[in-house]
Amino acid sequence: MDEQTFIARRRQMFLGKAWYDEFTTAWARHRLWLANNPSASGRDKQEGWLLSKFGIADDSWNELLLNYTAGHPILTLRDQLETVIQAIETYTAALREWHNDPVYPPFLLGDLDHYEQLMQLIGLCYLLHRQDLLPRLAALQDGWFAGEDTLYEDLIGYALPDRYDVDHWHHCDAYRDIVNSAYGDAPVERLADLSQYVKRWYKTSMKGLPWHNTHLEPNQAGYYGYWCFEAGAVAFLQGLDDSKLREFPYYPKDMVDWARNFQPDSPELKLGRCEAGQPCPQAGTWWTPAKPDAHRHFSLGEIMPAFPDSTYGATIWYREAE
């Protein structure tokens with residue numbers, strides 16, 4: 001992809017093509033190494049494998065953020081979100097063995113960075129219409145945190161019935177407004193609270209987190225995109241008019257639009273995605289995140305190849321937008 005095309009597609013103006021190219025080239029090699037080697041920073045082999053599995057989960061999450069920031073079609077992120085959840089599940093299994101605790105969670109809600117990533121993941125499940133992944137997220141967290149946090153229960157409760165009614169939450173200052181947005185008497189009140197949350201999200205609420213202001217670092221190291229997906233999910237789930245929220249560069253406006261217009265039987269889903277081993281449903285240029293820079297023209301009916309050695313997971317091809 002040339003520089004001009006990249007700039008036209010990216011969803012945040014901070015992202016430079018050089019950093020994007022560097023990360024997408026390196027991540028596959030890095031995850032392949034981690035999948036086959038315990039991290040050298042571990043005190044022993046068990047800790048080394050734990051850190052390696054954490055590294056794969058972290059890379060998977062960062063890649064999803066980066067792909068959205070770089071302008072990848074939203075359809076492609078639906079499968080990638082499941083890859084992230086799978087990597088977190090694998091890491092959690094090792095974490096529970098390490099702590100000798102069968103319900104130890106991957107996200108400690110007292111840690112703001114953990115808390116925000118969990119809320120982003122829950123928000124993405126709604127925006128990408130992958131509510132089927134929410135029981136798996138709940139299974140990772142509920143052993144420690146079921147009934148312990150209002151926002152966690154409210155968000156996940158839109159899809160999972162019989163959750164808990166809780167009146168306290170972690171990080172009160174940062175999340176008060178989005179919690180309040182669920183309890184306003186009228187849409188205008190709920191929108192006012194959500195607007196305040198989005199307004200404060202980057203400059204105040206998330207200030208000090210490891211990823212904050214990373215776009216200013218040399219070579220943008222550590223910058224994958226700034227997105228408050230949970231706010232987009234609340235606007236979508238409550239049917240709020242988010243026209244004023246779209247002024248903020250970290251509000252995922254096009255993903256909210258995609259969620260609102262989603263149709264399970266749409267041609268986009270039928271013709272824009274094809275699993276390896278299946279015949280190509282439409283001639284054109286296709287690509288897969290299972291292998292960096294894997295773009296190729298396929299004819300109608302041609303069998304889509306697989307990359308079984310990929311650490312990404314199943315090989316799924318997506319049709320490149322014309």
Side-chain angles (χ1 to χ4, degrees), residues 61 84-85 88-89 91-92 95-96 99 101-127 130-131 133-212 226-240 242 245 248 250-252:
W61 169 242
V84 173
I85 301 299
I88 295 172
E89 289 170 332
Y91 162 62
T92 302
L95 191 64
R96 290 172 173 177
H99 286 281
D101 183 342
V103 294
Y104 198 94
F107 301 106
L108 301 176
L109 299 191
D111 184 311
L112 179 58
D113 200 18
H114 284 211
Y115 191 90
E116 173 58 10
Q117 186 178 347
L118 178 60
M119 298 309 149
Q120 288 176 307
L121 283 167
I122 295 173
L124 281 169
C125 287
Y126 291 110
L127 293 175
R130 290 303 311 264
Q131 290 92 330
L133 299 176
L134 287 171
R136 292 165 63 175
L137 268 179
L140 297 176
Q141 291 296 122
D142 276 358
W144 271 36
F145 294 112
E148 293 293 323
D149 187 272
T150 301
L151 184 58
Y152 172 66
E153 294 297 340
D154 283 353
L155 279 181
I156 213 164
Y158 279 100
L160 304 184
D162 303 320
R163 296 298 301 186
Y164 299 85
D165 186 11
V166 190
D167 194 25
H168 57 270
W169 62 94
H170 297 74
H171 314 292
C172 289
D173 288 342
Y175 287 91
R176 179 181 292 107
D177 295 316
I178 194 171
V179 170
N180 289 341
S181 71
Y183 297 97
D185 293 331
V188 65
E189 295 179 39
R190 298 195 292 270
L191 180 60
D193 287 323
L194 187 61
S195 297
Q196 183 67 9
Y197 174 75
V198 174
K199 181 179 180 180
R200 298 178 64 242
W201 185 81
Y202 186 81
K203 289 187 177 180
T204 305
S205 301
M206 302 299 133
K207 189 175 182 180
L209 288 183
W211 49 260
H212 193 270
Y226 309 131
W227 300 105
C228 54
F229 295 119
E230 66 277 15
V234 169
F236 163 61
L237 291 167
Q238 295 194 20
L240 298 177
D242 62 353
L245 303 182
F248 296 94
Y250 38 83
Y251 180 77

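For the numbers below, each heavy atom of this structure counts, side chains included, while hydrogens, waters and symmetry mates do not. Throughout, numbering of the chain's residues begins at 1 and tracks the sequence.
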Colleague: Distance from Ile85 atom CD1 to Trp61 atom CH2, nearest 0.5 Å?
Modeller: 8.5 Å
Colleague: Taking all atoms of both residues into account, what is the closest heavy-atom pair of Val166 and Asp149, and its distance?
Modeller: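 Heavy atoms of Val166 and Asp149 come nearest at CG1-N, 4.0 Å.
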Colleague: For Leu112 and Met206, work out which heavy atoms get closest and say how close.
Modeller: CD1-CE, 4.4 Å
Colleague: Give, for atom CD of Gln117 and atom CZ of Phe229, the distance between the pair rounded to the nearest 0.5 Å.
Modeller: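 Output value for this atom pair is 11.0 Å.
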Colleague: Can you list everything that forms a salt bridge (Lys or Arg N to Asp or Glu O under 4.0 Å) with Glu148? Sequence neighbours excluded, please.
Modeller: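 Expected list: none.
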Colleague: Rounded to the nearest 0.5 Å, how far does NE2 of His171 lie from CG of Asp111?
Modeller: 6.5 Å
Colleague: Starting from the C-alpha separation in whole Å, work towards a yes-or-no answer on side-chain contact (heavy atoms from CB on, under 4.5 Å) for Cys125 and Leu121.
Modeller: CA-CA 6 Å; Cys125 287; Leu121 283 167; 5.7 Å; no
Colleague: Identify the heavy atoms of Leu95 and Pro106 that sit nearest to each other, and give their distance.
Modeller: CD2-CA, 4.1 Å
Colleague: Give the intermediate values and the outcome of side-chain contact (heavy atoms from CB on, under 4.5 Å) for residues Leu133 and Arg136.
Modeller: CA-CA 5 Å; Leu133 299 176; Arg136 292 165 63 175; 3.7 Å; yes
Colleague: Closest approach of Ala146 and Tyr164, non-hydrogen atoms and distance?
Modeller: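 Shortest heavy-atom separation between Ala146 and Tyr164 comes out as CB-CE1, 3.7 Å.
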Colleague: Do you know which two heavy atoms are closest between Tyr126 and Ala159, and how far apart they sit?
Modeller: OH-N, 3.2 Å
Colleague: Listed by chain and number, what are the salt bridge (Lys or Arg N to Asp or Glu O under 4.0 Å) partners of Asp173, not counting sequence neighbours?
Modeller: Arg176
Colleague: Begin with the C-alpha distance, continue with both residues' side-chain angles, and end with the deciding distance and a verdict on side-chain contact (heavy atoms from CB on, under 4.5 Å) for Leu155 and Val234.
Modeller: CA-CA 8 Å; Leu155 279 181; Val234 169; 3.9 Å; yes
Colleague: Could you grab the distance from atom CG of Leu194 to atom OH of Tyr251, nearest 0.5 Å is fine?
Modeller: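 So the CG of Leu194 and the OH of Tyr251 are separated by 7.0 Å.
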Colleague: Is there side-chain contact between Tyr152 and Arg163, with at least one heavy-atom pair below 4.5 Å?
Modeller: yes
Colleague: Please work out which of the three classes, parallel, tilted or perpendicular, describes the rings of Tyr197 and Tyr175, given edges at 30° and 60°.
Modeller: tilted
Colleague: What residues form a salt bridge (Lys or Arg N to Asp or Glu O under 4.0 Å) with Arg96, not counting sequence neighbours?
Modeller: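 Partners of Arg96 by the salt bridge (Lys or Arg N to Asp or Glu O under 4.0 Å) criterion come out as none, since no residue qualifies.
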Colleague: Working to the nearest 0.5 angstrom, can you tell me the gap between Leu209 CG and His114 NE2?
Modeller: 10.5 Å
Colleague: Would Phe107 and Ile88 satisfy side-chain contact (heavy atoms from CB on, under 4.5 Å), going step by step from the backbone distance to the final call?
Modeller: CA-CA 10 Å; Phe107 301 106; Ile88 295 172; 3.9 Å; yes
Colleague: Do Tyr183 and Asp154 pair up side chain to side chain, a donor and an acceptor below 3.5 Å, judged on atom types alone?
Modeller: yes
Colleague: With a 4.5 Å limit on heavy-atom distance, are the side chains of Ile178 and Asp193 in contact?
Modeller: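 No, too far: nothing below the 4.5 Å cut-off.
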Colleague: Do the rings of Phe248 and Tyr250 sit parallel, tilted or perpendicular, given the 30° and 60° boundaries?
Modeller: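 Tilted, since the angle between the ring planes falls between 30° and 60°.
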Colleague: Where the side chain of Gln238 meets the backbone of Ser181, is there a donor-acceptor pair that is under 3.5 Å apart?
Modeller: yes
Colleague: Angle class for the Trp211/Tyr202 ring planes (parallel below 30°, perpendicular above 60°, tilted otherwise)?
Modeller: tilted
Colleague: Donor-acceptor check, side chain of Arg200 to backbone of Ser205, threshold 3.5 angstrom: yes or no?
Modeller: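 No; judged by distance alone, with no hydrogens or angles, the pair does not exist.
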Colleague: Would you find a donor on one side and an acceptor on the other, under 3.5 Å apart, between the side chain of His170 and the backbone of Leu151?
Modeller: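 It does not hold such a pair.
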Colleague: Can you tell me how far CG of Leu240 sits from CG of Leu191, rounded to the nearest 0.5 angstrom?
Modeller: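 So the gap between those two atoms works out to 5.5 Å.
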Colleague: For Cys228 and Pro252, which heavy atoms make the closest approach, and how far apart are they?
Modeller: O-CD, 3.8 Å
